[in-house]
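Written out below as structure tokens is the structure these notes cover.
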Amino acid sequence: MGQLMARELVDIICFNNRKGAKTHAIIPCGPLCWYKPFTKLVNAEKISLKNMVVFHMDECLDWEGNLLPEKHPQNFRTYMLNNFYLPVSAELCVPEKNRYFLLPDNYKKVSDKIMSSEIDITYGGWGQDGHVAFNQARREPYSPLTIEELRKSAVRIQSNSIDTVIALSQRSFGTAYQLVAPMSVTLGMRECLSAKKVRLFSDTGAWKQTALRIALFGPVCTEYPVTLLQEHPDALLTATVDTARHPIEEHPEWDFGY
């Protein structure tokens, strides 16, 4: 899957390079499988990223809405510098002026830049609740979202939902939920869906199985924000076989009364 992700982005960059055009991309910190294939392709084929403009889709924050320490495992900027930028040869790498990291004090300017640009592609994954970037299913009982509000949601600072914290703690911290960032700054669905193409990927298995099925076959709903991709003219979900499976396949005797 990492090879597929890397090749698709490289092909878009090469296509725009041949036209002398810039490539505007919204890039996530994950799935993690594509960084090595991507940087290897770029270096081996000597693909210039000088005309690439990268908008990073989210960043983790502490409980006061501040950036995490540089060496914290959930500091997305540090991870991207070490795995997306530094492995690329200096003569090919994305210029620093073309790297837009979300920060607590610049996110509205980043949003304005995205909405005034022609975004070629949004890359990413989806969460256990079908979240795209950190656009999670809202768990606030006194201020539920409508579909239209989710569709128009813009860049913001927010608290992470409890189920997202639990999922990240299990996958990355041995269920030490105390280590998971409690807040985030994220692009909204408005920015993520503004791209000509949206490509989401997952190799996480059981954590993403239900969200994948609802994204493909369920109605558009706020409980699973990924369902909004059904309205996009060029969206594609790619999953590993383990992620595409679901326990319900193996239990035809189950009856949920639907």
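Along the sequence shown, the residues carry numbers beginning at 1. Worth knowing before you read on, the calculation uses all heavy atoms, side chains too, and leaves out hydrogens, waters and symmetry mates.
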Can you see whether [X] engages [Y] through a side-chain donor-acceptor pair at a distance of less than 3.5 angstrom?
{"X": "R190", "Y": "S111", "value": "yes"}
{"X": "Q136", "Y": "S161", "value": "yes"}
{"X": "D58", "Y": "S184", "value": "no"}
{"X": "T122", "Y": "R199", "value": "no"}

Take atom [atom1] of [X] as the centre, draw a 6.0 Å sphere, and report whether it contains more than 12 heavy atoms from other residues, nucleotides or ligands.
{"X": "E70", "atom1": "CD", "answer": "no"}
{"X": "I162", "atom1": "CD1", "answer": "no"}
{"X": "W63", "atom1": "CH2", "answer": "no"}
{"X": "F173", "atom1": "CZ", "answer": "yes"}

Kindly work out whether a path of hydrophobic side-chain contacts (I/L/V/M/F/W/Y, heavy atoms less than 4.5 Å apart) joins [X] to [Y].
{"X": "F217", "Y": "V132", "answer": "yes"}
{"X": "L103", "Y": "V155", "answer": "yes"}
{"X": "L228", "Y": "L200", "answer": "yes"}
{"X": "M80", "Y": "I121", "answer": "yes"}
{"X": "L237", "Y": "L193", "answer": "yes"}

Looking only at atom types and distance, does a side-chain atom of [X] sit under 3.5 Å from a main-chain N or O of [Y], one as donor and one as acceptor?
{"X": "D129", "Y": "Y224", "answer": "no"}
{"X": "Q74", "Y": "C60", "answer": "no"}
{"X": "N135", "Y": "L187", "answer": "yes"}
{"X": "N16", "Y": "A21", "answer": "no"}
{"X": "E149", "Y": "T146", "answer": "yes"}
{"X": "N75", "Y": "T78", "answer": "yes"}
{"X": "H232", "Y": "A195", "answer": "yes"}
{"X": "Q230", "Y": "G218", "answer": "yes"}
{"X": "D203", "Y": "T240", "answer": "no"}
{"X": "T23", "Y": "M52", "answer": "no"}

Query - Worked check of side chain to side chain contact (heavy atoms under 4.5 Å, CB included) between L229 and T227 - result: CA-CA 5 Å; L229 268 68; T227 55; over 6 Å; no

Going by the rule side chain to side chain contact (heavy atoms under 4.5 Å, CB included), which residues pair with [X] if we only count those two or more places apart in sequence or in a different chain?
{"X": "S172", "answer": "none"}
{"X": "K152", "answer": "E148"}
{"X": "S194", "answer": "I114, M115, I119"}

Quick one, [X] and [Y] - any side-chain contact, counting heavy atoms below 4.5 Å?
{"X": "L92", "Y": "I47", "result": "no"}
{"X": "L49", "Y": "C93", "result": "no"}
{"X": "T164", "Y": "I166", "result": "no"}
{"X": "L61", "Y": "N66", "result": "no"}
{"X": "Y85", "Y": "V54", "result": "yes"}
{"X": "W207", "Y": "Q170", "result": "yes"}
{"X": "F55", "Y": "I27", "result": "no"}
{"X": "P37", "Y": "K40", "result": "no"}

Query raised in the report: Can you tell me how far the CD atom of Q178 sits from the OG atom of S169, to the nearest 0.5 Å?
Result: 8.5 Å

Query - Atom pair CG (N17) and NZ (K19), whose distance is rounded to the nearest 0.5 Å - result: 10.5 Å

Locate the shortest heavy-atom distance separating [X] from [Y]; write the atom from each residue and the value.
{"X": "P31", "Y": "G124", "value": "CD-O, 3.8 Å"}
{"X": "A244", "Y": "A239", "value": "N-CB, 4.4 Å"}
{"X": "N160", "Y": "M183", "value": "ND2-O, 3.4 Å"}
{"X": "V53", "Y": "K22", "value": "CG2-CD, 4.1 Å"}
{"X": "C221", "Y": "L150", "value": "O-CD2, 4.1 Å"}
{"X": "V226", "Y": "A215", "value": "CG1-CB, 3.5 Å"}

Could you check whether [X] pairs with [Y] (Lys NZ or Arg NE/NH1/NH2 to Asp/Glu carboxylate O, under 4.0 Å)?
{"X": "E59", "Y": "R77", "result": "no"}
{"X": "D11", "Y": "R7", "result": "yes"}
{"X": "E191", "Y": "R156", "result": "no"}
{"X": "E249", "Y": "R213", "result": "yes"}

Report task. Would you please classify the geometry between the F134 ring and the F76 ring as parallel, tilted or perpendicular, with 30° and 60° separating the classes? Result -> parallel

Query - Full working for side chain to side chain contact (heavy atoms under 4.5 Å, CB included) between K196 and E118 - result: CA-CA 8 Å; K196 298 179 199 172; E118 194 172 76; 3.1 Å; yes

**Report entry** Audit row: E250, R245, salt bridge (charged side-chain N to carboxylate O under 4.0 Å, His left out) steps and yes/no
**Finding:** CA-CA 9 Å; E250 302 167 9; R245 289 193 183 102; 5.7 Å; no

Report task. Applying side chain to side chain contact (heavy atoms under 4.5 Å, CB included), run through Y35 and N82 and close with a yes or a no. Result -> CA-CA 10 Å; Y35 298 113; N82 291 335; over 6 Å; no

I want to know whether [X] and [Y] have ring centres closer than 6.0 Å.
{"X": "F201", "Y": "W34", "answer": "no"}
{"X": "Y123", "Y": "H56", "answer": "no"}
{"X": "Y79", "Y": "F84", "answer": "no"}

Query raised in the report: Got a sec, which residues hit salt bridge (charged side-chain N to carboxylate O under 4.0 Å, His left out) with K197, two or more places apart in sequence or on another chain?
Result: D234

Requested in this report: Begin with the C-alpha distance, continue with both residues' side-chain angles, and end with the deciding distance and a verdict on salt bridge (charged side-chain N to carboxylate O under 4.0 Å, His left out) for E223 and R139.
Outcome: CA-CA 9 Å; E223 181 69 13; R139 306 298 184 200; 2.8 Å; yes

Requested in this report: Only pairs at least two apart or in different chains count here, so list each side-chain hydrogen bond (donor to acceptor under 3.5 Å, both in side chains) that has a residue in residues 86-101.
Outcome: N43-S89

Query raised in the report: What residues, two or more places apart in sequence or in another chain, satisfy side-chain hydrogen bond (donor to acceptor under 3.5 Å, both in side chains) together with S202?
Result: T204

